[in-house]
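In the text below, chain A, chain B and the rest are named by the order of the sequence lines, each starting its count at 1.
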Amino acid sequence: MLKRTHNCGALRSEHVGKTVSLAGWVNSYRDHGGVIFIDLRDREGVTQIVFHPENKEAHGLADKLRNEDVIAIEGNCVAREGGMANPRLATGQIEVQAHKLEILNKAVTPPFTPDEAEKVGEDTRLTYRYIDLRRPRMQQILRTRHRVTKIMRDYFDQQGFLEIETPFLCKSTPEGARDFLVPSRLQPGCFYALPQSPQLFKQILMVAGYEKYLQIVRCFRDEDPRADRQAEFTQIDLEMSFIDQDEIMTVVEGCIRRVWKEVLNIDVPPIRRMTYAEAVDRYGSDRPDLRFGMELVNIGDLAGKTDFGVFKSVLAAPGGMVKAITVPGGGAMTRKETDALAEWAKTFGAKGMAVTKVGAGGALDTGVAKFLTAIAGDLIARMNAKEGDLICFAADNHKVVHRVLGELRVKLAKERGMLKEGDWQWLWVVDFPALEWNTDEKRWDSLHHPFTAPNDEDLHKLSSGDQAAISSVRSKAYDIVCNGSELGGGSVRIHRPDTQQLIFKLLGIDEESQKKKFGFLLDALKFGAPPHGGLALGLDRIIMHLVGTTNIRDVIAFPKTQNGADLMLDAPSEVDEKQLRDLHIRLQLPQKDKPAPGTPATV
RNA sequence: GGGGGCGUAGCUCAAUUGGUUAGAGCACCGGACUGUCGAUCCGGAGGUUGCGGGUUCGAGCCCCGUCGCCCUCGCCA
């Protein structure tokens with residue numbers, strides 16, 4: 001086989017006159033009967049190869065070349081003169097006049113070529129992922145992903161972190177997402193669970209005295225995927241001992257700063273902090289997008305002065321509130337468009353959404369305007385609204401109001417072009433509530449996870465037995481947020497067994513199941529556990545931001561579909577009866593009520 | 001599990017109110033052509049309209065079911 005002297009992105013004018021050899025894939029061929037041109041592609045670029053009829057043997061072979069054939073050539077690097085240069089190619093100043101051609105592997109006609117993959121349906125691209133991944137864009141993304149993990153490993157290494165692997169075959173716990181289970185052959189009827197995160201292992205490593213742990217690690221959660229979520233995903237997982245919240249945040253911020261600098265040459269300024277309470281109050285979200293305004297404004301006092309039945313009944317109910325946002329220029333929206341917004345709001349649990357417009361002379365116009373005449377002036381002033389703006393109201397309990405308006409401001413900002421290219425808005429969200437009352441199950445849920453340390457000054461409230469007091473307990477948890485997306489989160493952990501037991505108790509985990517599920521942790525905390533804490537960053541989402549995609553499948557080499565399928569492997573798939581027997585598993589599949597063949601659908 | 005969108009040639013799409021033999025571009029095959037770079041020109045082949053059923057004189061189009069892909073709600077400590 002011809003050995004390469006260069007890659008397909010390397011040759012420049014300075015190489016003219018040299019004998020070179022290249023190898024790669026046929027990106028396109030142009031056969032002029034006499035002279036034949038081939039664009040040869042490898043991961044570094046594209047180079048034009050020319051076959052002249054004088055080189056009889058090579059030319060004869062080149063005649064048969066088709067897209068995606070894998071070849072190696074040897075030839076002379078020559079200048080492309082007289083307007084024949086191609087400014088769109090990095091190697092466009094030269095071409096290689098081939099005198100040798102080896103067809104390393106003839107390709108059958110591909111379902112699509114990398115060139116046209118951008119327009120091809122995603123399922124086809126996933127089925128033939130090896131062709132899709134030949135695209136320069138995909139190669140650039142995976143290269144970026146490699147660089148990011150390299151930068152992070154180097155950074156954390158310099159900070160004294162040790163990368164330590166933790167098991168994939170773990171134990172199922174009742175908390176959190178649904179587990180992926182792995183049946184045990186050696187212990188009939190028992191199952192491992194794939195880790196949702198290495199949370200407990202990294203805490204144990206702190207107890208074991210490793211002080212600074214890092215792992216770039218796959219995590220598994222058996223929940224339905226989304227555009228930015230896969231069932232298996234990668235975390236940058238870290239944990240530190242003898243530290244406080246500020247120290248962890250400083251370390252992580254340094255990591256982010258270095259990645260953004262080295263990959264995008266962007267300087268991340270010191271990242272501001274905002275409490276959870278403020279984030280929800282002003283933006284209706286615990287991961288607010290600060291690239292635009294449209295903040296939520298409480299107008300409960302004004303709404304109470306109107307005769308609008310919806311407002312009055314909501315305000316009379318416990319926990320009811322009325323908030324609004326001002327949509328700049330939203331007055332131009334049609335009735336149909338604002339109706340659609342109200343319909344959309346219902347998907348988040350709202351019963352509807354009232355709107356009104358600010359018309360000429362600062363008068364409210366259309367929508368619920370007629371109910372608001374008494375407060376029109378005050379409302380417009382409070383909402384800082386101008387002529388031509390739209391005001392959207394949400395009246396419901398706290399949760400629904402914040403959810404609806406929080407989602408609405410993001411939706412409108414996207415749709416109305418309020419997001420500037422290259423704008424990065426970072427923040428830390430801090431002081432999360434520790435616990436949230438679960439009305440259905442009549443117990444507390446952890447907002448972060450059960451191992452999160454409560455704030456010291458709130459600690460005494462935990463054992464008060466008073467619901468209001470307990471729900472006001474804040475925790476040492478923090479999320480890092482970028483442009484409205486949560487890139488990571490962490491906490492200082494509980495390092496005392498009594499506190500940990502107290503939290504378990506509030507979560508409705510009795511002593512017996514504490515012992516069964518988390519006995520090893522409670523034991524470990526008794527045998528000398530240092531104060532510790534950490535954080536996990538979502539690698540996939542970080543890469544999505546860095547390369548500018550909203551599709552998580554773009555940043556994963558072999559992703560799964562929304563049904564959890566790998567279209568290339570055709571996984572998951574059925575297995576042999578023998579495999580099941582080894583695992584002591586008998587299938588009990590859901591009955592499908594199929595109408596008998598030939599039966600009319602309607603009788 | 002719920003809601004929405006899509007499924008026609010290898011790929012991307014078209015096909016009038018339900019009406020004759022389902023079309024186009026690219027790719028593919030054959031031919032022509034010595035400077036193209038999305039090569040061009042001439043010719044050709046290529047279809048179980050995702051699958052199953054129903055309504056109809058007649059279904060790519062209407063109805064029922066089912067499968068797949070995407071978005072979304074639930075879910076994601």
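Applying the 3.5 Å distance criterion, the base of B:C69 shares no donor-acceptor pair with the side chain of A:Arg553. Residue-to-nucleotide contacts include a donor-acceptor pair under 3.5 Å from the side chain of A:Asn86 to the base of B:C37. A donor-acceptor contact under 3.5 angstrom links the side-chain atoms of A:Gln48 to the base of B:U36. Between the base of B:G35 and the side chain of A:Glu95 there is a donor-acceptor pair shorter than 3.5 Å. In the interface, the side chain of A:Arg30 is not paired with the base of B:U34 through any donor and acceptor atom under 3.5 Å apart. Donor-acceptor pairing under 3.5 Å, judged by distance alone, is absent between the side chain of A:Arg221 and the base of B:C76.
Contacts of A:Thr113 with the nucleic acid, taken as non-hydrogen atoms under 4.0 Å apart, are absent.
Using a 4.5 Å cut-off on side-chain heavy atoms (C-beta onward), A:Phe37 and A:Tyr29 make no contact. Side-chain atoms of A:Phe520 and A:Leu200, non-hydrogen and from C-beta on, do get closer than 4.5 Å to each other.
Nucleotide B:G25: paired with B:C11 (Watson-Crick or G-U wobble, both distances less than 3.5 Å). When Watson-Crick and G-U wobble pairs are counted only if both distances are under 3.5 Å, B:U66 pairs with B:G50. Pair check for B:C76 finds none; no Watson-Crick or G-U wobble contact set falls under 3.5 Å. Using the Watson-Crick or G-U wobble rule with both distances under 3.5 Å, B:U17 pairs with nothing in any strand shown. Pair assignment for B:G60 gives none, since no Watson-Crick or G-U wobble pairing has each distance under 3.5 Å.
Look at the C1' atom in both B:C28 and B:G35: the space between them is 26 Å, to the nearest Å. Of the C1' atoms belonging to B:A39 and B:G46, the separation is 24 Å, rounded to the nearest Å. Comparing B:C26 with B:G65, their P atoms are spaced 41 Å from each other, to the whole Å. Of the P atoms belonging to B:C67 and B:C51, the separation is 15 Å, rounded to the nearest Å. Spacing between B:A9 and B:G47 at atom C1', rounded to whole Å, works out to 6 Å. Here the separation of B:C61 from B:G19, taken at their P atoms, is 11 Å to the nearest Å. B:G50 and B:A59: their P atoms are spaced 15 Å apart (whole Å).
The side chain of A:Phe37 approaches B:G35 more closely than any other nucleotide in the set B:G35, B:C28, B:C26. Counting only heavy atoms from C-beta on, A:Ser446 has its side chain closest to B:A77 among B:C71, B:A77, B:C11. Comparing B:C71, B:G35, B:C75 by their closest approach to the side chain of A:Glu223 singles out B:C75. Of the candidates B:G35, B:G1, B:C76, the closest approach to any side-chain atom of A:Asp224 belongs to B:G1. Among the nucleotides B:C11, B:C28, B:G35, the one closest to the side chain of A:Gln97 is B:G35. In this structure, the nucleotide among B:C75, B:U36, B:G74 sitting nearest to the side chain of A:Arg403 is B:G74. In the set B:G68, B:A27, B:C29, the nucleotide with an atom closest to the side chain of A:Asn563 is B:G68. Closest contact between the side chain of A:Met84 and the listed nucleotides B:G68, B:U36, B:G74 involves B:U36.
Judged by distance alone, the side chain of A:Asp63 and the main-chain N or O of A:Gly60 form no donor-acceptor pair under 3.5 Å.
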Test side-chain contact (heavy atoms from CB on, under 4.5 Å) on A:Met206 and A:His495; report intermediate values, then the result.
CA-CA 10 Å; A:Met206 295 303 102; A:His495 67 283; over 6 Å; no
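Between A:Ala177 and A:His52, the residue anchored nearer the 5' end of RNA chain B, judged by the nucleotide with its closest heavy atom, is A:His52. When each of A:Lys560 and A:His32 is assigned the nucleotide of RNA chain B bearing its nearest heavy atom, the one mapping closer to the 5' terminus is A:His32.
Under 3.5 Å, the side chains of A:Ser172 and A:Asp179 contain a donor-acceptor pair of N or O atoms.
The aromatic rings of A:Phe504 and A:Phe451 stand perpendicular to each other, their planes meeting at an angle above 60°, with 30° marking the opposite boundary.
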